[in-house]
Amino acid sequence: MRDYNFKEFEKKWRKRWEESGIFRTPTRLPGGERGYYLLEMFPYPSGKLHMGHVRNYAIGDTLARFNRRNGKKILYPMGYDAMGLPAENAAIKNKVKPADWTKRCVSEMKKQQLSLGLSYDWERMINTSEPSYYRWNQWIFKRFYEKGLAYRKKGAINWCPSCRTTLANEQVEDGKCWRCGAAAEVQVKKQWYFRITKYADDLLEGLDGLKGWPRAVIQQQRNWIGRSRGAVIDFKIENTDRTIPVFTTRADTLFGATFLLISPEHPEAEEIARLGTSDPGEVKAFINRTVTTSVSERETRVKEGIPLGVKAVNPVNGRAVPVYLANFVFMEYGTGAIMSVPAHDQRDFEFARKYGLPVIEVIRGEQEKFDGSCAYEGEGKLVNSGEFDALDSAEARKKITGYLQEQGSGRSTVEYKLRDWLISRQRYWGTPIPVVYCEKCGPGAVPDDELPVKLPDDVEFTGRGNPLERSESFLSARCPECGAPARRETDTMDTFVDSSWYFMRYINPDSEDKPFDREDTDRWLPVDQYIGGIEHAVLHLLYSRFFTRALNELGLTGVKEPFGNLLCQGMVLKDGAKMSKSLGNTVDPQKIIDDYGADTARLFILFASPPEKDLDWSDEGLKGGYRFLRRLWALVSEEAEAESAGGDPDTELDGFINRTIMEVTGDIRDEFHFNTAIARIMELLNFLKKYPAGAPGRRKGVETAVSLIGPFAPHAASEMWQMLGQSGFLDEEPWPRYDKKVIMETEKVLEVPVTVNGRLRGTVEMPADAGKEAALKAARDDGKVKEFLEGKEIRKEIYVPGKIINFVVG
RNA sequence: GCCGAAGUGGCGGAACUGGCAGACGCGCACGGUUCAGGACCGUGUGGAUAACACCGUGUGGGUUCGAAUCCCACCUUCGGCACCA
């Protein structure tokens with residue numbers, strides 16, 4: 001028997017696959033035929049593969065090889081999300097150019113991926129840091145700009161003093177920069193945004209059609225978009241013509257409003273204050289104090305406010321109520337002002353307590369009611385609400401809003417939590433925003449034929465500020481309108497822009513006159529199976545859905561949803577904890593591949609747990625996978641060397657083989673339960689070992705086992721396939737078929753469990769289609785069962801053919 | 001606090017629409033092989049018991065001839081979001 005020399009045969013097969021080009025994407029799909037697009041979230045090229053990657057790729061490649069052998073025309077590409085901060089940090093630390101550093105990391109990463117034997121079409125590889133890619137970011141940006149989907153606005157933004165860059169709200173974690181961990185500050189700057197909110201409703205409604213997405217992800221996106229129906233109500237400022245519009249979801253509590261609160265960021269805050277009796281200096285000080293508070297302090301800070309000395313009139317009852325600025329009211333949501341109903345909102349209640357403001361109960365619940373100790377936030381019947389008394393909350397919301405609408409002092413409206421996407425980054429290693437600023441003409445887009453605006457070379461990385469602001473060659477430009485000298489925009493784009501359409505670029509990776517071809521995207525998209533980590537449940541997936549809609553509206557593609565089916569894999573843990581350098585519990589995939597081979601690594605990571613669950617890495621378990629492959633190898637050797645006796649397998653063996661095919665196929669195709677699929681193949685191996693080498697039909701069983709393990713352990717399976725005398729590529733071999741009739745043949749006679757009062761007392765062999773009387777008689781005659789029935793009255797007899805017999809006795 | 005997911009042997013995990021709980025693997029034990037260790041092969045392995053009866057899927061109830069699976073209440077763990085009006 002030959003040794004299981006994985007180092008040798010894994011290399012051999014990777015070379016053959018590459019030379020033969022069997023994994024290249026079929027370029028021409030016959031008219032109308034749809035391809036099958038299989039995609040893994042492309043990695044940031046850190047240069048080092050970790051176990052999470054291995055799991056991601058093992059899942060993907062298994063599906064690729066499985067589907068290919070089932071006749072699908074597969075597009076299965078790989079590329080690199082290569083822009084972003086780490087390259088810049090490396091430049092600062094090691095005096096190496098981001099482009100060079102990234103190139104090295106990409107090739108290092110690719111080398112490790114190659115050693116896993118993944119069946120990508122490498123000819124379609126993309127790298128988002130290359131001008132040939134980011135050029136199209138700029139082109140798309142311009143199309144968005146022309147349509148009003150890209151725009152500039154001023155806003156209070158989060159600023160990382162360490163990275164000296166802007167952070168989106170969602171990139172601030174615990175008040176800290178999600179990348180470097182420095183405490184975030186607040187600054188006001190003019191920034192570029194994408195108008196994702198235009199699609200808020202469409203993005204929300206589209207979720208209903210995503211049947212192949214995990215429920216949890218749909219729910220998270222729904223919450224993130226955060227659509228809520230409510231009303232805007234205008235409160236007139238006493239003795240003036242000005243109004244303060246407030247947003248509320250609880251118009252039914254309007255009679256209980258005893259004060260208004262305005263966000264300190266509200267643009268009219270100071271103006272309104274001047275109308276009143278407050279000290280402008282104190283108001284200004286309050287605004288400055290709260291607006292510039294760092295995010296981390298803001299989250300923990302106590303409720304605080306300052307009266308503006310102004311009263312606003314409740315349009316429904318004419319009551320004048322005081323107006324405050326309050327630090328817990330957000331400008332980004334609603335109108336930046338709220339009506340406070342302390343009896344029915346806990347935050348308002350606390351505020352009212354602190355500043356001695358009145359509390360009026362207007363909602364009385366069926367069970368509970370406002371008792372003065374805390375707010376009652378539930379629904380109920382209205383009280384103290386004039387003509388609306390006794391109405392239910394839901395009904396009252398409609399009636400009160402309708403009344404306001406008639407009076408012209410309110411209207412029903414819909415609000416979203418979703419905010420426009422801030423894409424500006426004050427960084428070097430990103431796509432330059434293709435805009436120049438002219439003294440005379442203002443901002444103007446760079447003409448298409450001047451794209452790409454390339455990142456300059458004459459830059460220094462000091463760790464302070466944005467290097468682009470100091471690059472003369474980059475800064476100086478000409479105004480596209482008047483030709484006068486102009487200054488180039490130094491903001492670059494968020495890297496989420498790159499990943500929002502990369503799956504389209506894979507379809508036409510070399511296209512030079514457009515980012516991708518419309519007809520080709522229609523043929524390949526939506527992605528048939530997308531695989532990636534749950535951590536991208538909101539941002540990346542939502543941005544991609546937005547991009548696809550925007551590109552659709554621009555007429556660039558016919559599709560609206562990018563990803564048809566989504567599989568979110570769980571994390572790879574070690575001893576129950578996330579692998580991390582600080583915990584010192586990392587497992588290096590390269591070491592595993594070197595010691596046991598790629599096949600073992602892939603096989604074990606799929607065997608240890610179903611893909612959507614977290615997986616606790618175990619070196620011991622890994623050895624089990626290795627052992628299995630070697631036992632199969634030994635069986636194949638033995639069978640290959642044996643004189644085959646020829647002949648057909650016996651019924652039992654034939655049934656076992658067919659059933660294994662059926663179950664493995666179902667486990668992979670319908671459920672992605674690779675762990676049970678592999679277990680079935682292990683069972684087949686154990687079963688085959690009961691027969692001597694060369695026994696009739698044993699060879700067929702061995703061939704089936706090798707064929708079925710192919711997608712999981714492609715190198716070893718290919719080698720064993722050859723040992724069995726096959727000359728073609730296993731990956732070009734059709735997936736094994738099973739015959740249901742053969743399986744049924746083995747299920748003619750079954751062991752049926754017999755229970756008495758629900759407790760197992762014996763099993764009886766009988767034909768699958770045995771009649772009730774015959775079955776019950778056989779069961780009653782069973783020795784053990786008889787004992788338990790002795791002297792008892794049988795009250796009921798249950799017979800489920802092939803499943804169970806149960807006697808109920810008194 | 002809200003939303004989402006999950007609780008099954010010493011461990012990872014199986015169990016189709018309610019029908020023999022613990023497939024498969026790890027670990028462990030015993031035996032074989034080996035100078036020895038490792039590797040490999042074989043057998044066994046939920047708990048308790050001398051054996052049977054018995055007890056067992058987070059806890060407590062319920063529905064059912066029959067519940068890991070369905071219903072109600074609760075507990076725990078993990079993940080996400082959080083002054084969103």
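None of these values were measured; they are calculated from a predicted model.
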If we take the [atom1] atom in both [N] and [M], what is their distance in whole Å?
N: B/G7; M: B/U59; atom1: C1'; answer: 11 Å
N: B/C41; M: B/U34; atom1: C1'; answer: 13 Å
N: B/G13; M: B/G37; atom1: C1'; answer: 32 Å
N: B/A39; M: B/A50; atom1: C1'; answer: 39 Å
N: B/G58; M: B/A14; atom1: P; answer: 15 Å
N: B/G79; M: B/G47; atom1: P; answer: 32 Å
N: B/C54; M: B/A48; atom1: C1'; answer: 8 Å
N: B/G19; M: B/A67; atom1: P; answer: 11 Å

Contact class for [X] (heavy atom, under 4.0 Å): base, sugar-phosphate, or nothing?
X: A/R222; value: nothing
X: A/G334; value: nothing
X: A/N675; value: sugar-phosphate
X: A/R795; value: nothing
X: A/T248; value: sugar-phosphate
X: A/R227; value: nothing
X: A/V800; value: base
X: A/D348; value: nothing
X: A/N757; value: nothing

From [atom1] of [X] over to [atom2] of [N], roughly how many Å is that when rounded to an integer?
X: A/L418; N: B/C81; atom1: CG; atom2: P; value: 15 Å
X: A/I678; N: B/G12; atom1: CD1; atom2: P; value: 18 Å
X: A/N806; N: B/G18; atom1: CG; atom2: C1'; value: 13 Å
X: A/R761; N: B/C65; atom1: CZ; atom2: P; value: 19 Å
X: A/M682; N: B/C24; atom1: CE; atom2: P; value: 11 Å
X: A/F674; N: B/A14; atom1: CZ; atom2: P; value: 13 Å
X: A/I794; N: B/C65; atom1: CD1; atom2: P; value: 17 Å
X: A/L629; N: B/A39; atom1: CG; atom2: C1'; value: 17 Å

Inset, instruction - Could you say whether A/R630 or A/D614 is positioned toward the 5' end of RNA chain B, judged by the nucleotide with the nearest heavy atom to each? - result: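 Going by which nucleotide is closer to the 5' end, it is A/D614.
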Inset, instruction - Let me know, please, whether A/T763 or A/G336 comes out on the 5' side of the other along RNA chain B by nearest nucleotide. - result: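 Checking each residue's closest nucleotide, the 5'-ward one belongs to A/T763.
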Are any of the side-chain nitrogens in [X] or [Y] under 4.0 Å away from the carboxylate oxygens of its partner?
X: A/D619; Y: A/K623; answer: no
X: A/R222; Y: A/D208; answer: yes
X: A/E638; Y: A/K689; answer: no
X: A/R780; Y: A/E797; answer: yes

Given [options], identify the nucleotide with an atom nearest to the side chain of [X].
X: A/I798; options: B/G13, B/C65, B/G25; answer: B/C65
X: A/R419; options: B/C55, B/A85, B/C84; answer: B/C84
X: A/P753; options: B/A85, B/C24, B/C20; answer: B/C20
X: A/N686; options: B/A85, B/C24, B/G13; answer: B/C24
X: A/I804; options: B/C20, B/G25, B/C55; answer: B/C20
X: A/E620; options: B/G27, B/C24, B/A39; answer: B/G27

Please answer whether the main-chain N or O of [Y] pairs with a side-chain N or O of [X] as donor and acceptor at a distance below 3.5 Å.
X: A/T248; Y: A/R250; value: yes
X: A/D234; Y: A/T243; value: no
X: A/N757; Y: A/V809; value: yes
X: A/H266; Y: A/A337; value: no

Between [X] and [N], is there a side-chain N or O to OP1/OP2 distance below 4.0 Å?
X: A/R397; N: B/A85; value: no
X: A/K796; N: B/C65; value: yes
X: A/R759; N: B/C54; value: yes

What are the atom names and distances for every N/O pair under 3.5 Å that joins the protein to nucleotides 3-6 of chain B?
unit_1, atom_1, unit_2, atom_2, d
B/A5, OP1, A/R215, NH2, 2.5

Legend entry - A/K7 atom NZ: more than 12 heavy-atom contacts under 6.0 Å: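 Atom NZ in A/K7 is packed in, count exceeds 12.
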Legend entry - A/K417: salt bridge (Lys or Arg N to Asp or Glu O under 4.0 Å) partners, not counting sequence neighbours: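 Residues passing salt bridge (Lys or Arg N to Asp or Glu O under 4.0 Å) with A/K417: none at all.
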Inset, instruction - Return the set of residues passing salt bridge (Lys or Arg N to Asp or Glu O under 4.0 Å) with A/E268 (not counting sequence neighbours), or none when no residue passes. - result: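 Salt bridge (Lys or Arg N to Asp or Glu O under 4.0 Å) check on A/E268 returns A/R242.
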Legend entry - Residues in side chain to side chain donor-acceptor pair (under 3.5 Å) contact with A/R353, at least two apart in sequence or another chain: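 Listed in chain order: nothing, the list is empty.
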Inset, instruction - Would you please test A/D614 and A/R55 for salt bridge (charged side-chain N to carboxylate O under 4.0 Å, His left out) and show each step? - result: CA-CA 11 Å; A/D614 287 347; A/R55 192 177 195 195; 5.4 Å; no
Inset, instruction - Classify the glycosidic conformation of B/G66 as syn or anti, calling it syn when the angle lies within 90° of 0. - result: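 Base orientation: anti.
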Inset, instruction - Could you give me the stems involving RNA chain B, meaning stretches of three or more consecutive Watson-Crick or G-U wobble pairs whose two defining distances are both below 3.5 Å? - result: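 So far as stems of 3 or more pairs are concerned, RNA chain B shows B:1-7 with B:75-81, B:10-12 with B:24-26, B:27-32 with B:40-45, B:58-62 with B:70-74.
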Inset, instruction - Compute the ring centroids of A/F259 and A/Y355, then answer whether they are less than 6.0 Å apart. - result: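 Distance test on ring centres: not under 6.0 Å, no.
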Interface polar pairs with nucleotides 41-48 of chain B, N/O, under 3.5 angstrom:
none

Inset, instruction - Search all heavy atoms of A/T401 against all heavy atoms of A/A251 and return the closest pair with its distance. - result: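 Residues A/T401 and A/A251, closest heavy atoms: OG1-CB, 3.8 Å.
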